[in-house]
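Data first, discussion second: the structure below is written as structure tokens.
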Amino acid sequence: MRGEVPNFHYSYTFFVFLLFLILFPTFSISSNTLLTTESLTISSKKTIVSPGDVFELGFFKPGSSSRWYLGIWYKTISKRTYVWVANRDHPLSSSIGTLRISDNNLVVLDQSETPVWSTNLTGGSVSTPVVAELLDNGNFVLRDSNNNNPDGYLWQSFDFPTDTLLPEMKLGWDLKTGSNRLIRSWKRPDDPASGDFTFKLETGGFPEIFLWYKESLMYRSGPWNGIRFSGVPEMQPFDYMVFNFTTSSDEVTYSFRVTKSDVYSRVSLSSMGVLQRFTWIETAQTWNLFWYAPKDQCDEYKECGAYGYCDSNTSPVCNCIKGFKPRNPQVWGLRDGSDGCVRKTLLTCGGGDGFARLEKMKLPDTTAASVDRGIGVKECEQKCLKDCNCTAFANTDIRGGGSGCVIWTGELLDIRNYAKGGQDLYVRLANTDLVLSSRRHISRENNSDDLELPLMKFEEVAMATKFFSNDNKLGQGGFGIVYKGRLLDGQEIAVKRLSETSSQGIDEFKNEVKLIARLQHINLVRLLACSVDVDEKMLIYEYLENLSLDSHLFDKKQSSKLNWQMRFDIINGIARGLLYLHQDSRFRIIHRDLKASNVLLDKYMTPKISDFGMARIFGRDDTESITRKVVGTYGYMSPEYAMDGIFSVKSDVFSFGVLLLEIISGKRNKGFYNSDRDVNLLGCVWRNWKEGKGLEIIDPIIANSSSTVKQHEILRCIQIGLVCVQERAEDRPTMSLVVLMLGSESTTIPQPKLPGYCLRRNPVETDFSSNKRRDDEPWTVNQITVSVLDGR
Ligand SMILES: *[C@@H]1O[C@H](CO)[C@@H](O)[C@H](O)[C@H]1NC(C)=O
Ligand SMILES: *[C@@H]1O[C@H](CO)[C@@H](O)[C@H](O)[C@H]1NC(C)=O
Ligand SMILES: *[C@@H]1O[C@H](CO)[C@@H](O)[C@H](O)[C@H]1NC(C)=O
Ligand SMILES: *[C@@H]1O[C@H](CO)[C@@H](O)[C@H](O)[C@H]1NC(C)=O
Ligand SMILES: *[C@@H]1O[C@H](CO)[C@@H](O)[C@H](O)[C@H]1NC(C)=O
Ligand SMILES: *[C@@H]1O[C@H](CO)[C@@H](O)[C@H](O)[C@H]1NC(C)=O
């Protein structure tokens, strides 16, 4: 048909195009604006794109949600990332919706033309038509069409952040309008509705930013010290990032700028309440986790109460400032520091007081502190001495040797110290207490209840292992080689000789080991001693007769001895061991490398998790978290951990799920091969489960010997395994729920969805190659873990 009247067709199209150009000249030229004559509808799928193609604004449905939102996302970033949502709490429930300018306001209308969202500007003195424009920095602005000056914007999305802080966006107070710009988490990863976490700058005393969960304070950044936030010692200017904290009569704000046009960086508050800075890695097509907080136990608000300070390298982490003692020694002894400390000697307020200098500190909560930027540390000291209520002082700015004065009156709260970074804090003490502390200002209280972990001499260990002979070698993991040994009294031991690449110092290592030795549970391998000698660090464990689970599970001859009951007991034991690690909340250890070869078996086939705490020994949360490396093993790593380096107890749950399915099937997840049907074991289990053939995946050895009652139990276990390996961490149960589900028939198990990694082949490998490229450090032990284990 078309061929018969080609000329007519083309000239007609051209005519319409011309007409369009004449009628709507601006629209066809730049699509970064919305005029009063235009509208954006869901059905038209039209969007507004910033001039340099950086950001795009339009309607979207997040994840599996059926609701529509107006929002902004990166135009060119392949992983759809929303940075702003207009109607987060008033979604459109149908796919009919319109954005237009009405009465000089931006409005979103639903199917009945009722506004669900509006910029709510009243009584404008606008004489010329207004226009809305999406800028390249992601700011969506409403302005007088004749006025391009940012100061004259009628409204801008940057004043109403969602959960994301973009470069050039300001967090904090506009003192002229009295508005405080804060970021608030999404409710869930696919629900932009206002969540319970907020990150909010407060000006009281000495401004700092607080992370709240509803009404409870979770974490604070510490005040700005001229270079960084006092509680973020790892923060430093990078060649392409500039941080800006401004305090003036107009504003108290924090913002950052990126000075390279092709670098994308954003700070967002996740629906789980974690602040995260991501930067986009183009080659890997992924958001790299650059920094996050809160990081550790010491970041928890008021972890050690008043006058206590938290040191993540001591055990317990809570310490009293010198001159103070635990308020409630009994609770303190049970490692609950929240009651804090009290003075040994009361202040006299006459001439009887002085100051102890504490180094490398995160300054105490400044809500009630007072600031005088005009004076230095000497005057500050005098000022503090004159005020009987003054308990401490510090510089407000640490640049150039320090300047300014901040004074605390009353209790000192939420202090911690750092191995690197932080600043000096001067705490007022009675002179009697000061004398004792004059040599060392921070001195750890002698914890008489410290567990005394025996130290073994290198020679003794060498003898026991026949000088680390190959015959005594039990195995090799990423963290080092394991040898069997026999002490002079006949006791058998397993010696782990750690690779030399740990960056930890000897004291830190000993502290860490003491901490780990304190974790005692029937399903954890017991640490007997350690040995430290110049560059050699060794851990001495109990020896377990039946070696590791993988040697039983994946060996035809051995696995025939493992009937269902034994396997079920092993699964339960591992679950309980992991639960203990996760829930002994004073330490809350995330294993990060749970796998069959890290589960050892004693002579009764009791499973014992080994290598727990290794992630701690090998520099968890390195202060430079830029190239935070991922420890772990292919096949067991959760998607969010392998991809984004985000780990949580839920990444362990993922590994547990994989392990559980391996125990039932007798097959490895990695290296799993059955023609081309499934990418891995998880995919195979899922396919069979969905088809109602769950039992087909179980190890034939147990299939035959199992009664129908057992089959029911096995199916429940498979379901638990699948629930544990869900793609999204939120969909996975906690270990306490896993233990419940394993233990009781009456606990309902959720219906699993498609597990993580079922569609993509080898996603982890791709990610790692890119990881290596951007990492110019020499081999680190963590990478060795990955590559060595991958070779098997
Ligand atoms: C506009 O006003 C309405 C009614 O007072 C309110 O519900 C809505 O939240 C306001 N919108 C914005 C963006 O502030
Ligand atoms: C920091 O922000 C203020 C206003 O918020 C601005 O005047 C100043 O130029 C900025 N400084 C830098 C170094 O970007
Ligand atoms: C010290 O604190 C007390 C009680 O809070 C208060 O009444 C008093 O005015 C304060 N003194 C000074 C000098 O601020
Ligand atoms: C800590 O206390 C123990 C036992 O009271 C004592 O042997 C040890 O020397 C003390 N250590 C320090 C550093 O004071
Ligand atoms: C476990 O070790 C004990 C003691 O060495 C041995 O008797 C038993 O057969 C082993 N069990 C298996 C399943 O290998
Ligand atoms: C299971 O039992 C069937 C029939 O009883 C038998 O043919 C099969 O070889 C058995 N499989 C194993 C692994 O024992």
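The shown structure was predicted, so the numbers you read here are calculated from the model rather than taken from an experiment. Just so you know, ligand 1 is whichever comes first in the structure, and atom 1 is the first atom listed for that ligand. We use all heavy atoms of the structure for the numbers below, so side chains are in, but hydrogens, waters and symmetry mates are not.
Partners of Ser655 according to the side-chain contact (heavy atoms from CB on, under 4.5 Å) rule, which considers only residues two or more places apart in sequence or in another chain, are Leu594, Tyr636. Applying the ring-ring contact (aromatic ring centres under 6.0 Å, His included) criterion to Trp287, with sequence neighbours excluded, gives Tyr74, Trp280. Contacts of Phe197 classified as ring-ring contact (aromatic ring centres under 6.0 Å, His included), with partners at least two apart in sequence or in another chain: Tyr213.
Annotation: ligand 2 has protein neighbours Lys170, Asn244, Thr246, Glu251, Arg257, each with a heavy atom less than 4.0 angstrom from the ligand.
Atoms of ligand 5 lying under 4.0 Å from any heavy atom of Gln558, numbered from 1 in the order shown and given with element: 14 (O).
No side-chain N or O of Asn225 forms a donor-acceptor pair with one of Ser230 less than 3.5 Å apart. No side-chain donor from either of Asp174 and Ser179 sits under 3.5 Å from a side-chain acceptor of the other.
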Using side chain to side chain donor-acceptor pair (under 3.5 Å), reason through Ser559 and Asp555 one step at a time and then give a plain yes or no. CA-CA 6 Å; Ser559 68; Asp555 180 286; over 6 Å; no
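Close N/O approach between Asp602 and ligand 5 is not found [any backbone or side-chain N/O within under 3.5 Å].
Ring orientation note: the planes of Tyr82 and Trp73 are nearly perpendicular, at an angle over 60° on the 30°/60° scale.
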